[in-house]
There are 2 protein chains.
Amino acid sequence: MTTHDNDAFKPIATVDLAIFSLAPAGLSVLLVRRTSVPFAGDWALPGGWIHIDEDADLEAAARRVLKEKTGVETPYLEQLQTTGSRDRDPRGWSISIVYIALLSADDVAERQDALAEEAEWRPIEGEGVGLSLAFDHASLLKEALGRIRSKVEYSSLPGHLLPVRFTLSELQSVYESLLGRKLDKSAFRKRMAEADFLEPVEGEMRRASNRPAQVFRLKDTRSLVLFDRRI
Amino acid sequence: MTTHDNDAFKPIATVDLAIFSLAPAGLSVLLVRRTSVPFAGDWALPGGWIHIDEDADLEAAARRVLKEKTGVETPYLEQLQTTGSRDRDPRGWSISIVYIALLSADDVAERQDALAEEAEWRPIEGEGVGLSLAFDHASLLKEALGRIRSKVEYSSLPGHLLPVRFTLSELQSVYESLLGRKLDKSAFRKRMAEADFLEPVEGEMRRASNRPAQVFRLKDTRSLVLFDRRI
DNA sequence: TAACTTAGTGACAAATGTCAACTAACTTAG
DNA sequence: CTAAGTTAGTTGACATTTGTCACTAAGTTA
């Protein structure tokens with residue numbers, strides 16, 4: 001077995017992020033324009049080489065990239081998958097560890113200015129963004145969308161795209177837009193009650209020109225899984 | 001951005017496998033004894049450095065390791081997760097891409113001899129093997145068990161642990177042993193029918209000293225997901 | 001041929017999803 | 001001050017799905 005020392009480490013692994021939000025109009029992903037070869041000028045998922053000197057672990061590396069591109073420090077973050085092959089980068093073997101990040105509407109609104117120069121939100125259309133992306137990023141994005149859409153079915157994941165405080169109707173709308181179909185109000189309410197994702201915020205009601213609605217927040221920062229006896 | 005060339009590549013990423021089977025007695029995982037530092041003499045998940053000269057991609061690397069240790073070429077293989085940090089290996093930053101492999105009872109029986117010298121099946125007890133493992137492998141194994149147990153609920157995964165041809169009752173037993181609880185025969189049958197995982201093998205029946213049972217095989221080599229309208 | 005064992009079915013109860021109507025609590029127009 | 005409009009939240013009836021459990025079927029063995 002080969003030994004290795006950190007100093008001589010040649011970068012080969014990147015952390016890449018599929019960062020989603022509901023801004024500006026519906027589900028969008030953050031893309032950056034590449035400035036150097038290969039794929040100079042193309043859009044890509046934000047990412048960067050792992051810094052073995054500053055990143056304690058992979059998640060820290062992902063957080064660092066996220067902070068650099070968006071200014072957000074405490075997103076919802078989840079590892080998606082790792083791809084590695086000799087084909088994905090013309091320069092040779094490389095590994096990409098992909099994370100999914102969800103930014104709350106709050107974050108997107110407040111940190112508009114912190115967005116990196118070359119970064120831009122692109123609305124999702126179908127299984128991608130209708131652009132060809134650098135490396136294998138189009139396929140990574142597709143996988144990320146698949147993960148998000150499938151987790152909508154059984155977890156509190158969509159809650160992380162809303163502001164910290166939201167009403168049930170707002171939450172239902174997010175579920176509906178990610179699933180692409182309408183849900184029954186009363187069934188949704190029952191399910192959320194039993195799933196135990198949500199915590200009513202004491203005394204707070206959202207008022208408009210109609211009956212005020214109870215305000216909720218997520219109980220946990222993780223994406224809780226609706227447990228279910230299947231087989 | 002740094003450029004890199006393959007020749008100067010210093011190994012930093014390993015592919016590690018949690019290989020499961022039902023042999024010799026219930027769910028077991030294949031462990032190997034380490035021969036070199038660090039953790040010399042300790043048990044570990046089988047794995048190896050990625051060979052950028054022979055492995056086309058990560059899955060190929062996983063298959064190579066699997067072949068070396070067990071002789072099996074076409075297992076069920078699924079990527080679990082990637083860990084990377086400066087703490088998991090005393091020599092410094094390292095990345096481990098973990099795959100789950102399931103060996104069919106056929107494979108285990110036929111390839112007994114192909115098992116690598118230092119490899120051994122260890123029965124699962126609770127969340128591990130009751131041994132301290134090298135690196136962070138105990139935690140990786142725990143994650144792998146979590147993934148397997150949760151996929152039992154909604155996929156055909158357990159089918160990959162049986163021989164290619166099996167009866168419904170045999171399959172139900174595997175589900176039961178992974179779930180740790182008894183299932184209703186009739187409900188199980190209905191669920192399997194609608195899930196459409198299984199294909200009856202024409203005309204074949206398994207006979208013992210009782211009514212013969214229909215023989216089935218999995219429709220696909222992938223672990224099909226029982227789709228389900230949740231929310 | 002009766003007893004035994006495991007495979008496979010069918011009938012009913014319980015839980016869940018769907019739909020639509022209803023009541024509640026606010027704002028706004030007049 | 002009141003009626004109309006809007007969205008929140010509840011309720012109940014009905015269809016569909018799912019779980020439970022006893023029953024029938026098809027073989028072997030004594």
Side-chain angles (χ1 to χ4, degrees), chain A residues 105 152-155 158-159 162-163 165-218 225-231, chain B residues 152-156 158-159 162-163 165-218 225-231:
Chain A
V152 173
E153 300 271 354
Y154 61 89
S155 84
L162 284 173
R165 285 141 194 258
F166 51 82
T167 69
L168 253 193
S169 304
E170 289 164 352
L171 184 62
Q172 187 177 337
S173 297
V174 180
Y175 275 83
E176 286 174 343
S177 84
L178 292 177
L179 287 171
R181 63 190 161 91
K182 287 287 177 188
L183 300 174
D184 181 79
K185 188 167 48 153
S186 109
F188 186 75
R189 190 170 281 273
K190 263 187 272 179
R191 199 152 260 287
M192 285 300 138
E194 88 190 23
D196 206 34
F197 295 157
L198 307 179
E199 192 166 38
V201 178
E202 282 300 320
E204 264 194 77
M205 305 290 272
R206 180 148 314 161
R207 40 195 68 249
S209 55
N210 50 22
R211 176 173 174 173
Q214 179 61 251
V215 172
F216 293 89
R217 65 171 164 232
L218 289 177
V225 166
L226 207 172
F227 225 75
D228 194 26
R229 281 275 146 79
R230 300 306 310 143
I231 281 165
Chain B
V152 173
E153 299 272 354
Y154 62 88
S155 83
S156 63
L162 284 172
R165 286 142 193 257
F166 49 83
T167 69
L168 252 194
S169 303
E170 289 165 352
L171 184 61
Q172 185 176 339
S173 296
V174 180
Y175 275 83
E176 286 174 342
S177 84
L178 292 177
L179 287 170
R181 63 189 160 90
K182 287 288 177 187
L183 300 174
D184 180 82
K185 189 169 44 154
S186 151
F188 185 75
R189 186 171 285 271
K190 266 187 269 179
R191 199 153 261 287
M192 284 300 137
E194 88 190 23
D196 205 35
F197 295 156
L198 307 179
E199 193 166 37
V201 180
E202 282 301 320
E204 263 194 75
M205 306 290 274
R206 181 149 312 163
R207 37 194 70 250
S209 55
N210 50 23
R211 177 172 173 174
Q214 178 62 248
V215 172
F216 294 89
R217 66 172 163 231
L218 289 177
V225 167
L226 206 170
F227 226 75
D228 194 25
R229 282 275 145 79
R230 299 306 310 143
I231 280 166

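In what follows, every chain begins at residue 1, and chains take the letters A, B, ... in the order their sequences are listed.
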Undergrad: Could you say whether K185(A) or E170(B) is positioned toward the 5' end of DNA chain C, judged by the nucleotide with the nearest heavy atom to each?
TA: E170(B)
Undergrad: dT7(D) P sits how many Å from Q172(A) CD, rounded?
TA: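 Answer to the nearest Å: 14 Å.
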Undergrad: Let me know the distance between CD of E194(B) and P of dT16(D), rounded to the nearest Å.
TA: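 That distance rounds to 16 Å.
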Undergrad: Less than 3.5 Å between a donor and an acceptor, one on the side chain of K190(A) and one on the base of dG17(C), is that the case here?
TA: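 Flag unset: no donor-acceptor pair detected.
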Undergrad: Round to a whole Å and report the spacing from CE of M205(B) to C1' of dA25(D).
TA: 11 Å
Undergrad: Between E176(A) and K185(A), is a salt bridge (charged side-chain N to carboxylate O under 4.0 Å, His left out) present by the stated rule, with each step listed?
TA: CA-CA 11 Å; E176(A) 286 174 343; K185(A) 188 167 48 153; over 6 Å; no
Undergrad: According to the Watson-Crick and G-U wobble definitions, with both distances under 3.5 Å, which nucleotide is paired to dT29(D)?
TA: dA2(C)
Undergrad: With hydrogens left out and only the distance checked, is there a donor-acceptor pair under 3.5 Å joining S186(B)'s side chain and the base of dG10(C)?
TA: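 Counting by modelled atom types and ignoring angles, a donor-acceptor contact under 3.5 Å is found here.
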Undergrad: Over how many whole Å does the gap from R206(A) atom CZ to dA8(D) atom P extend?
TA: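 About 11 Å, once rounded to whole Å.
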Undergrad: Quick one: pull up CD in Q172(B) and CG in D184(B) and give me the separation to the nearest 0.5 Å.
TA: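 It comes to 7.5 Å.
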Undergrad: Could you check how far CZ of R181(A) sits from P of dC19(C), rounded to whole Å?
TA: 12 Å
Undergrad: Under a 4.0 Å threshold between the charged nitrogen and the carboxylate oxygen, would E202(B) count as salt-bridged to R165(B)?
TA: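 Looking at E202(B) together with R165(B), the answer is no, because their closest N to O distance does not fall below 4.0 Å.
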Undergrad: Is there a Watson-Crick or G-U wobble partner for dA29(C) with both distances under 3.5 Å, and which nucleotide is it?
TA: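 Its partner is dT2(D) (Watson-Crick or G-U wobble, both distances under 3.5 Å).
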Undergrad: Could you walk me through whether L218(A) and L162(A) satisfy the side chain to side chain contact (heavy atoms under 4.5 Å, CB included) test, starting with their C-alpha distance in whole Å, then the side-chain angles of each, then the deciding distance to 0.1 Å, before giving a yes or no?
TA: CA-CA 10 Å; L218(A) 289 177; L162(A) 284 173; over 6 Å; no
Undergrad: Side chain of A213(A), heavy atoms from C-beta onward: which of dA8(D), dT18(D), dC19(C) has the nearest atom to it?
TA: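 Closest nucleotide to the A213(A) side chain: dA8(D).
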Undergrad: Polar atom pairs between nucleotides 23-30 of chain C and protein, under 3.5 Å, N or O only, would you list them?
TA:
from	atom 1	to	atom 2	distance (Å)
dA24(C)	O4'	R211(A)	NH1	3.4
dA24(C)	N3	R211(A)	NH1	3.2
dA25(C)	N3	R211(A)	N	3.3

Undergrad: Could you state the atom-to-atom distance from CG of D184(A) to P of dG9(D) in whole Å?
TA: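 Distance check: D184(A) CG to dG9(D) P gives 15 Å.
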Undergrad: Atom CG of L171(B) to atom P of dA7(C): distance rounded to whole Å?
TA: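 Going from CG in L171(B) over to P in dA7(C) covers 12 Å.
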Undergrad: In whole Å, what is the span from the CZ atom of F216(B) to the P atom of dA7(C)?
TA: 11 Å
Undergrad: Considering just the side-chain nitrogens and oxygens of R191(A), establish if one lies under 4.0 Å of OP1 or OP2 belonging to dT16(C).
TA: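 Indeed not, no polar side-chain atom of R191(A) lies that close.
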